[in-house]
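Data block below; observations after.
Positions are given from 1 along the sequence. Please read all numbers here as calculations on a predicted model, not as lab measurements.
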Amino acid sequence: MAAKEHYDNHLASFYEWMVGDFEAKQKEQQDFFERNGIKPLQNKIAIDLGSGHGLQSIALAKLDFAVKAVDFNGHLLDRLRFRGKGFQIEVFQNDLLSEENFNEQAEVIVCMGDTLAHLESGDQIRLLLERCFKCLANNGKLILSYRDYNAELIDTQRFIPVRSDEDKILTCFLEYDEDKVKVTDLLYERVNGQWIQKVSSYFKVRITKCIIEELVTDAGFKIIKNELMNRMNYLIAEKPNPS
């Protein structure tokens, strides 16, 4: 199953619950931007690719960016519209590679929360980064966060408890191929006093830190920051000013 189908038919309905406290998570993203000097310096336009329900979009809007939020899932974008009332956020339901996402110059582009792995191949990631490079103004910033799937989990390590409360239990199960990771989300939900199991699987590109850094530099960027935070790799790269 492709990532969009998995989100549309399964994950989007409980995504907000899975992520947890929105305000705390949004502030975490805003703090990351602030301590790395991410602020409007040119035309104020920021593009959030794979915006979901708005953790990065709202963080950027609070920093006075005009945000173009892009996601393939309508339900999550509806939640972003609700949470983003009063902010300068424009919402677009598109695939990541849609040319419409890149039809105006931006000074910041973010693609975070392991969104890169939702593409279908390394070649698609390469194409996305090339389009980001062309879209960014000189000295513009590309900000990525992603999981490093280089180290293969084995045996019971592949069962990852994600979140639970009195009415829901979510576990993720991983299966590794050479260039893909099959992700199965198992949700147990209490409905009218009975536990109901809901299961869906999809494939992610098996990206690694080395692969992403190579693709980013191949696209023309200069990497200026790498940081590991909450088991996610954060990368900031800059489009150099041509000499």
Side-chain angles (χ1 to χ4, degrees), residues 1-30 48-59 61 69-87 89 91-96 111-120 145-147 149 152-177 180-206 229-232:
M1 182 182 294
K4 184 180 189 310
E5 186 179 357
H6 178 76
Y7 271 73
D8 288 348
N9 297 330
H10 187 61
L11 184 54
S13 64
F14 57 88
Y15 185 87
E16 277 190 290
W17 169 83
M18 178 188 71
V19 170
D21 186 330
F22 182 90
E23 285 71 25
K25 299 288 186 180
Q26 179 268 304
K27 186 177 185 304
E28 182 181 89
Q29 298 300 297
Q30 186 172 338
D48 184 2
L49 298 172
S51 62
H53 64 324
L55 295 176
Q56 289 82 26
S57 290
I58 292 176
V70 178
D71 202 275
F72 57 30
N73 183 262
H75 174 73
L76 294 179
L77 289 175
D78 285 343
R79 298 303 299 156
L80 172 51
R81 289 187 184 94
F82 173 77
R83 292 185 178 277
K85 289 177 181 177
F87 294 107
I89 301 174
V91 172
F92 297 85
Q93 186 172 354
N94 286 330
D95 291 334
L96 286 183
C111 186
M112 305 179 76
D114 213 28
T115 298
L116 283 175
H118 292 161
L119 291 168
E120 293 183 5
S145 67
Y146 61 93
R147 298 191 187 279
Y149 293 104
E152 182 173 338
L153 300 179
I154 60 173
D155 297 330
T156 57
Q157 294 175 339
R158 296 178 298 160
F159 292 88
I160 302 171
V162 180
R163 191 179 178 195
S164 63
D165 61 23
E166 62 183 12
D167 292 315
K168 293 186 182 74
I169 302 170
L170 177 62
T171 302
C172 179
F173 179 68
L174 304 181
E175 299 170 87
Y176 294 79
D177 287 329
K180 297 279 189 180
V181 179
K182 184 179 181 181
V183 180
T184 300
D185 289 323
L186 302 99
L187 178 71
Y188 293 88
E189 185 171 15
R190 193 197 304 268
V191 180
N192 297 324
Q194 294 186 334
W195 286 98
I196 306 297
Q197 184 188 59
K198 301 175 182 179
V199 181
S200 179
S201 301
Y202 71 116
F203 288 94
K204 287 185 174 184
V205 181
R206 189 174 178 180
M229 185 169 69
N230 297 331
R231 293 178 293 180
M232 296 283 287

Heavy-atom count around Tyr188 OH within 6.0 Å, excluding the residue itself: above 12?
no
Tightest non-hydrogen contact, residues Thr115 and Leu49, listed as CG2-O, 4.0 Å
Mind listing the closest non-hydrogen atom pair of Arg206 and Asp177 along with its distance?
NH1-O, 3.0 Å
With a 4.5 Å heavy-atom cut-off, do Trp17 and Asp167 have their side chains touching?
no
Is the side chain of His10 donor-acceptor paired with the backbone N or O of Asp185 at a distance under 3.5 Å, no angle test?
yes
Take Leu187 and Met18 through the test side chain to side chain contact (heavy atoms under 4.5 Å, CB included) and record every step on the way to the result.
CA-CA 10 Å; Leu187 178 71; Met18 178 188 71; over 6 Å; no
Working to the nearest 0.5 Å, report the span between CZ of Arg79 and CZ of Phe22.
9.5 Å
Is the distance between the ring centroids of His118 and Tyr7 under 6.0 Å?
yes
Measure from the side-chain N and O atoms of Asn230 to the backbone N and O of Met232, and report whether any donor-acceptor pair falls under 3.5 Å.
no
Taking the side chain from Arg83 and the backbone from Leu80, do they hold a donor-acceptor pair closer than 3.5 Å?
no
Can you name the closest pair of heavy atoms from Gln26 and Leu55 and give their distance?
CG-O, 3.6 Å
With a cut-off of 6.0 Å (strictly less than), are more than 12 heavy atoms of other residues, nucleotides or ligands near CD of Gln93?
yes
In this structure, CG of Leu186 is separated from CD1 of Ile169 (nearest 0.5 Å) by 11.0 Å
In terms of heavy-atom contacts, does NZ of Lys25 have more than 12 from other residues, nucleotides or ligands at under 6.0 Å?
no
If we ignore hydrogens and angles and just use 3.5 Å, is the side chain of Asp114 paired with the main-chain N or O of Arg147 as donor and acceptor?
yes
Atom CD of Gln194: over 12 foreign heavy atoms under 6.0 Å:
no
Residues, nucleotides or ligands: over 12 heavy atoms within 6.0 Å of Lys27 NZ
no
Could you state the interatomic distance from CG (Leu76) to CZ (Arg81), rounded to the nearest 0.5 Å?
11.0 Å
Between Tyr202 and Asn9, a side-chain donor and acceptor under 3.5 Å:
no
Quick check for you: to the nearest 0.5 Å, what is the distance between Ile58 atom CD1 and His53 atom NE2?
8.5 Å
NZ of Lys182 to CG of Leu174, rounded to nearest 0.5 Å, is 11.5 Å
Would you give the length of the straight line joining atom CG of Asp48 to atom CD of Gln29, rounded to the nearest 0.5 angstrom?
9.5 Å
Please find the pair of heavy atoms, one from Leu153 and one from Arg158, that lie closest to each other, and give the distance.
O-CG, 3.3 Å
Minimum heavy-atom distance Ile89-Gly84, with the two atoms named
CD1-CA, 4.3 Å
Heavy-atom closest pair (Asp71 atom, Gly52 atom, distance to 0.1 Å) is OD2-N, 2.8 Å
Backbone N/O of Gln157 and side chain of Asp155: donor-acceptor pair under 3.5 Å
no
N/O donor-acceptor pair under 3.5 Å between Ser145 side chain and Gly113 backbone:
yes
Do the side chains of Glu189 and Lys198 get close enough for a salt bridge, i.e. N-O under 4.0 angstrom?
yes
